[in-house]
Amino acid sequence: MGKIIGIDLGTTNSLVAVVDSGIPLVLADDQGRRLTPSVVRVPASGDPVVGWEAKRARAAHPKTTITSIKRFMGRRGGDSDSTKDALGYPVRAEGNAPVTVPLYGREWTPEEVSAEILKVLKTLAGEGMIELPEAAVITVPAYFNDAQRNATRKAGELAGLRVERIINEPTAAALAYGLNSLKEKSKIAVYDLGGGTFDLSILELNKGVFQVLATCGNTRLGGDDIDRALVGFLSEQLGQAGGPAVTKDAGIAARLAEAAEEAKIRLSTETETTIALPFLTPEFSFEFELSREQLECLTKPVVARTREYCLKALTDAGLASEDLDQVILVGGQSRMPLVREFASEIFGCDDGKPELNTTQNPDEAVALGAAIQGGILSGDFSDLLLLDVTPLSLGIETFGGLMNVIIPRNTTIPVKRGEAFTTVADYQKDVLIHVLQGEREKAADNWSLGRFTLEFEPQPKGMAKMGVQFEIDADGILHVLARDIKSGNEKIVEMRSAVDVDDDDVQQMIEESVEHAFDDIEERRCVEAQLRAEQTTEATRKGLETYGGELPGEQRAEIETALAEVAALLTEKEKGGTITAASLKDSNARLDSATQPLAELMMDRVMEQMLENRGVLPG
Ligand code: AMP
């Protein structure tokens, strides 16, 4: 097998690395630069320009220079990003159609734009090799959903690369870390704050096996938000100094954004810096002294937002921070001293355990890890194994509109799990399988990944058996198999694009699941009690019809009363009234107890019938 390159396809910058003679290396361009800005400029004619040149051209051509395209990967109109207006170039985000960038009469898909970046990285890698690489491992944020992962894979293919694996960025960073300072057994947190995304992963490293215990994060939180806060502040200062309105001129906005980011980066090593923007208009130049303290004051709320994800991941992994050995910092934005202070404070690193590890070059760890994964796949590192986990639970909708989880959140992948289901109606000809992703108890509150129908051999209800199997492959892509067990008729559906994913991101899903946990559980109990009540009332009515005459009047009346009580609650629920699970359960229990004599009588009659059929009964 040829070399497999590792690519960190970042929101702001991208990198390519490869394992050479057992050593992972980030590759540099002919000027020694290891970062390639994830910026693509589309000229009126000719090929797109990518990287440093495109980044430089942004101020002069903001409307045709595409930045942060990663935010739109696998996204649809209804899903659109709140930051799209601030990017300077046009973005078409309509209805359920994939987001595109319309430029010079052509609709650029995010995959095509990313492919331009990947082509440049492929060529860069090829310069140091005997032949152009054909295969790659590409990283994505842990919270990318299926559609976003698939879009990344497609971008790789459009760039002429065979995409061997899509792996999570923090996992890749941990791989890079693990190769250098791997203890026999340790637990680490990877705090990854990049340009556009924040990820927190907790991993266990055990004798060369990497396992992700939990991941948590936000695909819309990163250095760009810090830049935005600073740009807002500088725009005000500019206005007060009598300067032009930034919002009215895309060129000025782009210059200000660039100057703000540069100042932010300088303030990671300096305590004061000057922002100078000469001749914003022929008659106006802007100059401003910014201190690190001011920057920290402005951006503290952004950095503070990372705390909740750290705590959530610890809870999910069932760990306290003192159980961790290391917290490693990844992503360009983690170079900011304020970010380091926060991470240290969140995990209590001041006492020395866990240790705050900043030995990794935060920009390069992810690409190095991707290259190591490439090395593992091509056999360069045979004693390492990588285990990843699902970020959200996957399941199907069942009776009563509930979510039935088949693969729970944080399950190690690849994974295959199945369950058997039955039908609710007599002689049902088909069943609709509604595949869901999320943490909520009610199906409607989760993300809909897709629906398909499985045809059935009609049978009485409860007799038909259907097997549903979920398989998540090594790339995190879900394949759903549904089979009618009797006829063997089956369907396999690959959830390639998560078409119906609504615009809530994963984080919101998790937050909501925590927020609504109490109500959700109550709702589930209520639906379960309702289903039970429906089954029992139907069976009791049938029993009364056939055997009711044989019961003493008092017992009959008791059953009728209990039945009426349950029926009243069911009607109330149907009308949308609020009834508690507890009240339904109590009524169910009263009905159960009232029907005891009827159940015994029915059992006796069934037994008699059986014995009679066998000819054992005298007479
Ligand atoms: P990444 O997505 O990991 O490439 O991170 C890019 C983000 O890191 C951008 O928002 C950069 O402005 C930011 N960044 C890069 N270097 C520094 C630095 N030295 N100090 C603060 N932020 C930085």
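The basis for the numbers below is simple: all heavy atoms, side chains too, and nothing from hydrogens, waters or symmetry mates. Please read these numbers as outputs of a predicted model, since none were measured by experiment. Start at 1 and go down the list; that is how both ligands and their atoms are numbered. Position 1 is the first residue of the sequence, and the numbers go up from there.
Exactly one of Thr273, Thr299, Asp227 qualifies for a side-chain hydrogen bond (donor to acceptor under 3.5 Å, both in side chains) with Lys264. That residue is Asp227.
Taking atom 19 (N) of ligand 1 as the reference point, the nearest protein heavy-atom neighbour is Arg335 CD, 3.2 Å. From the protein, the heavy atom lying nearest to atom 16 (N) of ligand 1 is Gly332 O, 3.7 Å. Nearest protein heavy-atom neighbour of atom 21 (C) of ligand 1: Ser268 OG, 3.2 Å.
Of all the atoms in ligand 1, the ones that sit under 4.0 Å from a non-hydrogen atom of Gly331 are 3 (O). Against a heavy-atom cut-off of under 4.0 Å, Lys264 is close to the following atoms of ligand 1: 9 (C), 10 (O), 11 (C), 12 (O), 13 (C), 22 (N). Proximity to Gly194 (heavy-atom distance under 4.0 Å) selects the following atoms of ligand 1: 1 (P), 2 (O), 3 (O), 5 (O), 7 (C). Atoms of ligand 1 found under 4.0 Å from any heavy atom of Thr12 (numbered from 1 in listed order, with element): 2 (O), 6 (C). Proximity to Gly223 (heavy-atom distance under 4.0 Å) selects the following atoms of ligand 1: 10 (O). Close approach of ligand 1 to Asn13 (heavy-atom distance below 4.0 Å) involves ligand atoms 4 (O).
The shortest side-chain heavy-atom distance between Ile226 and Val303 falls under the 4.5 Å cut-off. Asn13 has its side chain out of reach of Asp363: every pair of non-hydrogen atoms, C-beta onward, lies at least 4.5 Å apart. Asn218 places none of its side-chain heavy atoms less than 4.5 Å from the side chain of Thr197.
The distance criterion of under 3.5 Å between nitrogen or oxygen atoms is met by Glu261 with respect to ligand 1. Ligand 1 has a nitrogen or oxygen under 3.5 angstrom from a nitrogen or oxygen of Gly195.
Side-chain rings of Tyr191 and Phe347 stay apart, their centers remaining 6.0 Å or farther from each other.
Here the side chain of Asp325 pairs no donor or acceptor atom with the backbone of Pro354 at under 3.5 angstrom.
Remark: Arg71 engages Asp224 in a salt bridge, criterion side-chain N to carboxylate O under 4.0 Å.
When every heavy atom of Glu111 is checked against every heavy atom of Ala151, the shortest pair comes out as CG-O, 3.4 Å.
Look at Ile265 and you'll find a heavy atom under 4.0 Å from some atom of ligand 1.
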Quick one, Val91 with Val99, criterion side chain to side chain contact (heavy atoms under 4.5 Å, CB included). Give me CA distance, side-chain angles, the key distance, then yes/no.
CA-CA 7 Å; Val91 172; Val99 172; 3.6 Å; yes
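With a 4.0 Å cut-off on non-hydrogen atoms, Gln333 touches ligand 1 through its backbone as well as its side chain.
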